[in-house]
Amino acid sequence: MADAATTMLFGRWQEFRMARLAAVVVGALSVAPALGQMMMLPPGTRRAPSPRPSGCAAQGSGNSSTTYVYRMASLPPNVEYPAHCSDLGGVRVRFNDPCAWAHGAAQLTVAHFDGMCKGATRVIHWHDGADEWGYVHRGKLQTYVTSPDGLPWPNSNNVLTRHGVWYFPRGWLHGLTCLTPESEGGCVFSIVFSGPVSVPIDNHNLDTTLAQAPDHVAAAAMSVSVDVLRRMRPTFAGSAGPVNATPSSSPLVTMLAKGLCSPECPTLQETRAAPAAVEALAAEKTVEMPGGVLLHQIRTDQFPFSATMSQERTELPPGGLRPIVWVANADGLLVVTSGVITLSVQGGLAGSSNPAEAHEAFTAHDLRPGDVAYLPVGRAYWFQESTGKASASAITVFNVGEWQSVELADSLALLPAWAVSSNLHQARHEPLEHVYMM
């Protein structure tokens, strides 16, 4: 009886909600005769945001965490929901500890969701301090986000498959639903945030916001009567706090109401004009590197809605090397997506108390899917498939829309050869023979 009553109340709430939104959408469409025309979107950012405090007890050189790698894949999940998608072992969520690397001063953080299945939703929420970039490892994912001012659309609804990406600006209400059943492996995705604090701190769930509001305030937000709200409240009242992302408090993941995804989950009209999520084939620009290495790049030029974040997806053949590079205008966060890689970063976050770190090489071996690395702005790095027997891949997400890579090989070829030779302490100048890397 309780389930039937809840379903009936949900249906009535949906009727109220859709009636109210219909007027809003019609009004927005009348203002813009054709959303197919490209709306005026801000250009992609070209300078990393000013560093912000992480709230770690010690930050900067006073924090002893000198590593720039976080082996997240080998750590237990931060949050688990074993009752959801049990055939996949339950939903598992991992996020990195910002205080455990880069002296607590990293300007990007990450979360990884595994074991999601058809009907599992990332609860509707927003972030107060970080833009969000998402990447689909496996499965089909429905994304939805609303605009605070109706531009470039009232809302964007998109379906993504493997390698698809999304971008949600800070403060914008959004959510996700997995559309792939357990029998087909469900959904796996990673989310990178352009902020320095842990994911749960920056996250504001819908249920908590409404649970903490008085009945008449929550009812007004839901566009329902106070009586309807009071009948709904017992199911989410516990979300008022303390909030700790557990199933008994304000969960990160919930399942859609029973029957909503039988046989298929509800469909939403796909947003085509300046969408907030794009498939890889529609956006990636591919650059071929020596040795069969492929760089699939998405900047604001390729994904116009994404103004402040971007991505490079790297495919490495067995033994393949992503050559030395640094990014002149952005911090980066690398996520291993397949295979095994070795990564090295030259130069950490140094200060007066740790000057040697400015030029130290930080090399990590055997990074595996789900492991992550922080790449501070302007620090050279390279990575390579470790085994020589299998391929590997990784994504690197940047906190600007238009990152500027300094490819060392390309730059050296443009500099005077005699200067390069003498700067490498050669007693005699001999012409350098440029060859492709094996």
Side-chain angles (χ1 to χ4, degrees), residues 65-78 88-89 92-97 100-102 106 108-115 135-139 162-163 165 185-192 280 284 286-297 311-327 332-346 348 360-376 379-398 405 407-408 436-438:
S65 300
T66 57
T67 182
Y68 291 85
V69 164
Y70 195 84
R71 296 182 183 271
M72 196 161 64
S74 62
L75 297 176
N78 296 85
L88 295 175
R92 303 169 296 281
V93 186
R94 292 176 172 85
F95 34 86
N96 74 297
D97 177 359
W101 68 347
L108 291 158
T109 55
V110 64
H112 184 76
F113 288 70
D114 196 2
Y135 170 83
V136 180
H137 297 265
R138 182 174 69 230
R162 187 175 180 230
H163 303 319
V165 300
C187 298
V188 179
F189 54 88
S190 293
I191 307 176
V192 177
E284 288 181 338
T286 299
V287 178
E288 297 183 9
M289 302 292 283
V293 173
L294 297 177
L295 308 179
H296 306 286
Q297 301 175 336
Q311 175 188 288
E312 181 173 88
R313 180 169 66 89
T314 305
E315 292 186 290
L316 301 170
L321 169 70
R322 198 282 175 240
I324 296 176
V325 64
W326 59 91
V327 176
L333 192 147
L334 180 143
V335 181
V336 180
T337 55
S338 69
V340 184
I341 71 171
T342 295
L343 174 141
S344 187
V345 181
Q346 191 262 317
E360 185 176 347
F362 296 88
T363 302
H365 300 276
D366 298 330
L367 298 179
R368 300 179 182 277
D371 290 338
V372 299
Y374 182 62
L375 309 171
R379 274 64 165 190
Y381 65 91
W382 57 266
F383 55 93
Q384 184 171 21
E385 195 284 317
S386 299
T387 68
K389 299 177 181 179
S391 60
S393 61
I395 61 169
T396 307
V397 178
F398 304 102
S405 294
E407 300 285 352
L408 184 56
Y436 283 111
M437 290 170 289
M438 299 300 291

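Below, each value reflects all heavy atoms present in this structure, side chains not excepted, and no hydrogens, waters or symmetry copies.
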Main-chain N/O of Phe362 paired with Glu360 side-chain donor or acceptor, under 3.5 Å: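 Between the backbone of Phe362 and the side chain of Glu360 there is no qualifying donor-acceptor contact (under 3.5 Å).
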Any donor-acceptor N/O pair, Thr342 side chain to Gln384 backbone, under 3.5 Å: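 It does not hold such a pair.
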Heavy atoms from other residues, nucleotides or ligands near CZ of Arg71 exceed 12 (cutoff 6.0 Å):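 Yes, CZ of Arg71 has more than 12 neighbouring heavy atoms, counting only those of other groups under 6.0 Å.
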Shortest non-hydrogen contact from [X] to [Y]?
X	Y	value
Val335	Val110	CG2-CG2, 4.3 Å
Trp101	Leu333	CH2-CD1, 4.0 Å
Tyr374	Gly332	CD1-O, 3.5 Å
Asp371	Ser74	OD1-N, 4.3 Å
Phe113	Ile191	CE1-CD1, 4.0 Å
Pro376	Tyr68	CG-CE2, 4.0 Å

Candidate pair Thr396 and Leu334, rule side chain to side chain contact (heavy atoms under 4.5 Å, CB included), full reasoning: CA-CA 4 Å; Thr396 307; Leu334 180 143; 3.6 Å; yes
Please round to the nearest 0.5 Å and tell me the distance separating atom [atom1] of [X] and atom [atom2] of [Y].
X	Y	atom1	atom2	value
Ile395	Ser338	CD1	OG	11.0 Å
Gln346	Leu375	CD	CG	12.5 Å
Thr337	Arg138	OG1	CZ	12.5 Å
Ser344	His365	OG	NE2	8.0 Å
Thr286	Glu284	OG1	CD	6.0 Å
Ile341	Trp382	CD1	CH2	9.5 Å

Heavy-atom side-chain proximity of Val293 to Pro317 below 4.5 angstrom: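 Side-chain contact under 4.5 Å: yes.
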4.5 Å side-chain heavy-atom contact, Ser386 and Asp366: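 They are in contact (side-chain heavy atoms under 4.5 Å apart), so the answer is yes.
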Arg322 and Glu407 ion-paired at < 4.0 Å: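 Here Arg322 pairs with Glu407 in a salt bridge, since their nearest N and O are under 4.0 Å apart.
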Whether His137 and Tyr135 hold their rings parallel, tilted or perpendicular, with breakpoints at 30° and 60°: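 Answer is perpendicular, since the angle exceeds 60°.
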Candidate pair Val188 and His112, rule side chain to side chain contact (heavy atoms under 4.5 Å, CB included), full reasoning: CA-CA 8 Å; Val188 179; His112 184 76; 3.6 Å; yes
Side chain to side chain contact (heavy atoms under 4.5 Å, CB included) evaluation trace for Leu294 with Glu288: CA-CA 5 Å; Leu294 297 177; Glu288 297 183 9; 3.7 Å; yes
Evaluation steps, side chain to side chain contact (heavy atoms under 4.5 Å, CB included), between Tyr381 and Val325: CA-CA 6 Å; Tyr381 65 91; Val325 64; 3.5 Å; yes
